[in-house]
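Beneath this line is the structure, given in structure tokens, with notes to follow.
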Amino acid sequence: MTPESFIAAKASEAIKAIYGADVEASTLQVGVTRKEFEGDFTLVTFPLLRITRQSPDATGAAIGEWLVANCPEINAFNSVKGFLNLSLSNLYWSKVFEAMANDADFGQLPSTGRRVMVEFSSPNTNKPLHLGHVRNNLLGSAVSDLLKAAGEEVIKTTLVNDRGVHICKSMYAWQKRFNGATPESTGKKGDHLVGDCYVEYAKMEKENPSVLDDVHRMLVDWEAGDKEVRDLWQRMNQWVFDGFDQTYKALGISFDKTYYEHDTYLLGKELVQEGLRKGVFVQDPDGSVWCDLTSDGLDRKIVQRSDGTSVYITQDLGTAERRFAENNLDSHVYVVGNEQDYHFQVLKLILAKLGFDWASRIYHLSYGMVELPEGKMKSREGTVVDADDLIEKMYEEAKATSEESGKLAEMSEEEKDRLYHMIGLGALKYFILKVDPKKTMLFDPKESIDFNGNTGPFIQYTHARICSILRKSGVQDGVPHKETVAARGLVNGGDPSGSLGGMKRSGSFRCGSSVQLSQKEIRLVKILNSYPQKVGEAAAAYSPAVIANYCYDLAKEFNQYYHETQILKEPDQDVLGMRLKLIGTVAGVLRKAMNILGIELPERM
RNA sequence: GGUUCCGUAGCUCAGCUGGAUAGAGCAACAGCCUUCUAAGCUGUGGGUCACGCGUUCGAAUCGCGUCGGAAUCACCA
């Protein structure tokens, strides 16, 4: 039960007792008290005036008095202009703190029993990944982990667009102009080499438009299964896959299931027939098949060409049907840019018309473009921000900043390398994920991604700082949370409280009765305690940005606490124990939350 | 032209299921390291929440309209 719902329930009782009226607790408005007022939570009394028939202040005073008299958890109140501010007791917060600090699964919401597939990345195999793909990949991966934290069973998937005219274009240019060049012979990453072919093809077509006919012939040969064409296709695709794997690995992205378009591009043809039988589709005299969506405010949409071949959406119809059936899905999330809003609107509509009840449980996570100061990225103008370059640049940036700070003297080269990667990637991921997915976001290549302020490194730094204090407190094993500790092979997986070695030496920790929390500590407990709610909110909105901003709020609050409290100087062992447990919990929640974003937190930096 | 999304400080972004005096970061300026990591903390300046009308006790938040920006409306994917 959240503090808000607790207060609402008590306030409901108060209203019943004082005014004899029944007010559903869930209809009461309880919010966090603004920091310029005294109190923890605020009940808005305006909506109650019709029942109480008193002024806002009198209403607030009456309810406040009743609550303080009848609820030991509520300490004090003040009523200001229709806002009843209530203070919860230290005992209440101590109990809340104790409960979450001892809960190893804190922040993991109970299972919903639902299975959801998340499709993201879905690259073309004719050019390397760029910043736009990076946003897609990071969002897809983070949303998957977010949904897991919210209790869903998640299957991460991607649909590789590995066939079609665009692929043939790269193949054609390679045959004509690359003299048998390979990633090995050129030392070039495979996806970049193939990308070069694609660029070269554009030039060729400009010089001589008739090359397009050759490319079309190549596509026909491919469809006919011509051995030579298929071999080349396979070979060049493999180069690209190897390149992608490297980039995915650097980004920390993985999939549970990979679909290839050459396997799925014929799917949906039966659905076209079925649609015709059901009268959902109509056939024009030239043989093309259409779905008339004009009565839904959209246009007519073609689902099969006059030559009998299928179009983009046909395959998506078939793939969706297959996926729901094969995986017994409850829902399906597609992480695809907002330029395809119309496509998904049409897709859902057609599936609904075909009678699939799951059509309404398809969710298009439509994210905004990443733009440069001068507008969209354009490959023709060479303004595309390459993913590999960017990752490399972030690494270098992290390295330079770390070396400047000079705090890593005793670290091995290998550890440093891992750390720079962690920080560089943390900065990049946070930069992208902290922005509301649906918004267009701006990236300025001239100004590198910041490491100060509301950034990934800021949160990583906060975590390293906490770890440093815990180390100095006598906690030998570093961080008192089993997942990280065990993952690093530092201890043999003992229970989380057991790894709090220092805690035992500093006396048994009893929250509540003996230890008084300071105002700052209560603020930290409040923010920590709201974490599960944030996970729920973020998942409902499919927005990792909610988690990112939560992490920032928590880290900032901790840093303020850190600066005004000498944690280790505390002589009272009970208070010291409480503080260590508190900051350990902060570190643990930061870790869980940032892991949802795919960001790791170092113990030193 | 139709549809959808967006417009908050100089810049990048929070806040949007209606609540009190709209918040951060960057940039600028002024402070804080013999004390647990200064990638930090504190302070100053900076706003017609694009504009108008409406709903409401109360609107950055909801509705309608206007202006500005983006995407999309292919027998491309």
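Letters go in sequence order (proteins before strands), and every chain restarts at 1. All values reported here derive from a predicted model rather than from experimental measurement.
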Atom pair distance, as rounded to whole Å: CG in A:Asp436 and P in B:rA70: 20 Å
Side chain of A:Lys439 - closest among B:rA77, B:rA39, B:rA14: B:rA14
Salt bridge flag under 4.0 Å for residues A:Arg163 and A:Glu261: yes
Rounded distance in Å between the C1' positions of B:rG2 and B:rA59: 30 Å
Given B:rA20, B:rC13, B:rA77, the nucleotide with the shortest approach to the side chain of A:Asn161: B:rA77
Side-chain-base donor-acceptor pair under 3.5 Å for A:Thr455 and B:rA39: no
Out of B:rA77, B:rC26, B:rG25, whichever nucleotide has its closest atom nearest the side chain of A:Arg305: B:rA77
Anti/syn call for B:rC33, syn if |chi| within 90°: syn
Sugar-phosphate, base or nothing in reach of A:Ser405, heavy atoms under 4.0 Å: nothing
Sugar-phosphate only, base, or nothing, as touched by A:Glu261 at under 4.0 Å among non-hydrogen atoms: sugar-phosphate
Spacing of the C1' atoms in B:rC62 and B:rG19 (rounded, Å): 14 Å
Closest to the A:Glu339 side chain, choosing from B:rC26, B:rU72, B:rC76: B:rU72
A:Asp307/A:Arg305 ion pair, N-O < 4.0 Å: no
Nearest-angstrom distance, C1' atom, B:rC16 to B:rA74: 37 Å
For B:rU44, the Watson-Crick or wobble partner whose two distances fall under 3.5 Å: B:rA28
Distance test, side-chain N/O of A:Arg471 to OP1/OP2 of B:rU37, below 4.0 Å: no
Carboxylate-amine/guanidinium proximity below 4.0 Å for A:Glu600 and A:Arg591: no
Closest-nucleotide ordering on RNA chain B, the 5'-leading residue of A:Phe431 and A:Asp341: A:Asp341
Out of B:rA20, B:rG40, B:rC13, whichever nucleotide has its closest atom nearest the side chain of A:Phe83: B:rA20
Touch class at under 4.0 angstrom, heavy-atom based, for A:Leu298 against every strand present: nothing
A:Leu568 or A:Phe37, whichever maps to the more 5' nucleotide of RNA chain B: A:Phe37
Short side-chain N/O contact from A:Tyr312 to OP1 or OP2 of B:rA77, under 4.0 Å: no
Touch class at under 4.0 angstrom, heavy-atom based, for A:Val44 against every strand present: base
Gap between atoms NE2 and P, on A:His364 and B:rU3 respectively (whole Å): 20 Å
Span that lies between the C1' atom of B:rG52 and that of B:rG43, in whole angstrom: 39 Å
Watson-Crick or G-U wobble partner of B:rA59, both distances under 3.5 Å: none
Per A:Pro47 side chain, nearest of listed nucleotides B:rG19, B:rG25, B:rA77: B:rG19
Candidate nucleotides B:rC26, B:rA14, B:rG40, ranked by approach to the side chain of A:Arg465 - the nearest: B:rG40
Distance, rounded to the nearest Å, where A:Lys35 contributes NZ and B:rU21 contributes P: 15 Å
Residues A:Asp284, A:Arg300: salt bridge by 4.0 Å N-O rule: yes
N or O in side chain of A:Arg300 less than 4.0 angstrom from B:rC73 OP1/OP2: no
Presence of A:Asn452 side-chain N/O under 4.0 Å of B:rG40 phosphate oxygens OP1/OP2: yes
N or O in side chain of A:Lys556 less than 4.0 angstrom from B:rG40 OP1/OP2: no
Candidate pair A:Lys81 and A:Asp57, rule salt bridge (charged side-chain N to carboxylate O under 4.0 Å, His left out), full reasoning: CA-CA 6 Å; A:Lys81 295 193 305 188; A:Asp57 283 351; over 6 Å; no
B:rC57 OP1/OP2 closer than 4.0 Å to side-chain N/O of A:Lys81: no
A:Phe46 aromatic ring stacked with six-membered ring of B:rG19, 5.5 Å and 30°: yes
Interatomic distance where CD1 belongs to A:Ile469 and C1' belongs to B:rU35 [whole Å]: 13 Å
Residue A:Thr42, side-chain heavy atoms: nucleotide from B:rG7, B:rG19, B:rA20 that is nearest: B:rA20
Opposite nucleotide pairing with B:rA50, Watson-Crick or G-U, both atom distances under 3.5 Å: B:rU66
Between B:rC36 (C1') and A:Tyr562 (OH): distance, integer Å: 5 Å
Nucleotide forming a Watson-Crick or wobble pair with B:rG18, both distances under 3.5 Å: none
Presence of salt bridge, A:Arg604 and A:Glu415, under 4.0 angstrom: no
Sugar-phosphate, base or nothing in reach of A:Asp307, heavy atoms under 4.0 Å: nothing
Test: A:Asp191 and A:Lys127 ion pair at under 4.0 Å: no
Closest nucleotide among B:rU37, B:rA20, B:rC41 to the A:Asn85 side chain: B:rA20
Side chain of A:Tyr552 (C-beta onward), nearest among B:rG25, B:rG40, B:rA39: B:rG25
For B:rG1, the Watson-Crick or wobble counterpart (both distances under 3.5 Å): B:rC73
Distance, rounded to the nearest Å, where A:Arg34 contributes CZ and B:rA24 contributes P: 11 Å
Distance-only side-chain donor-acceptor flag, A:Thr440 / A:Glu371, under 3.5 Å: no
Distance below 4.0 Å between A:Gln315 side-chain N/O and B:rA77 OP1 or OP2: no
Between B:rU66 and B:rG1 - P atom distance, rounded Å: 11 Å
Distance, rounded to the nearest Å, where A:Phe451 contributes CZ and B:rA27 contributes C1': 18 Å
Pair A:Glu557 + A:Lys520: basic N to acidic O under 4.0 Å: yes
Phosphate OP1/OP2 of B:rC76 contacted by A:Arg163 side-chain N/O (<4.0 Å): no
Sugar-phosphate, base or nothing in reach of A:Glu447, heavy atoms under 4.0 Å: nothing
Sugar-phosphate only, base, or nothing, as touched by A:Met441 at under 4.0 Å among non-hydrogen atoms: sugar-phosphate
Whole-Å distance separating the NZ atom of A:Lys434 from the P atom of B:rC13: 8 Å
Sugar-phosphate only, base, or nothing, as touched by A:Ser402 at under 4.0 Å among non-hydrogen atoms: base
Salt bridge present between A:Arg217 and A:Asp214 (N-O < 4.0 angstrom): yes
Spacing of the C1' atoms in B:rG7 and B:rC41 (rounded, Å): 34 Å
Gap in Å between the two C1' atoms, one belonging to B:rU34 and one to B:rA24, rounded: 34 Å
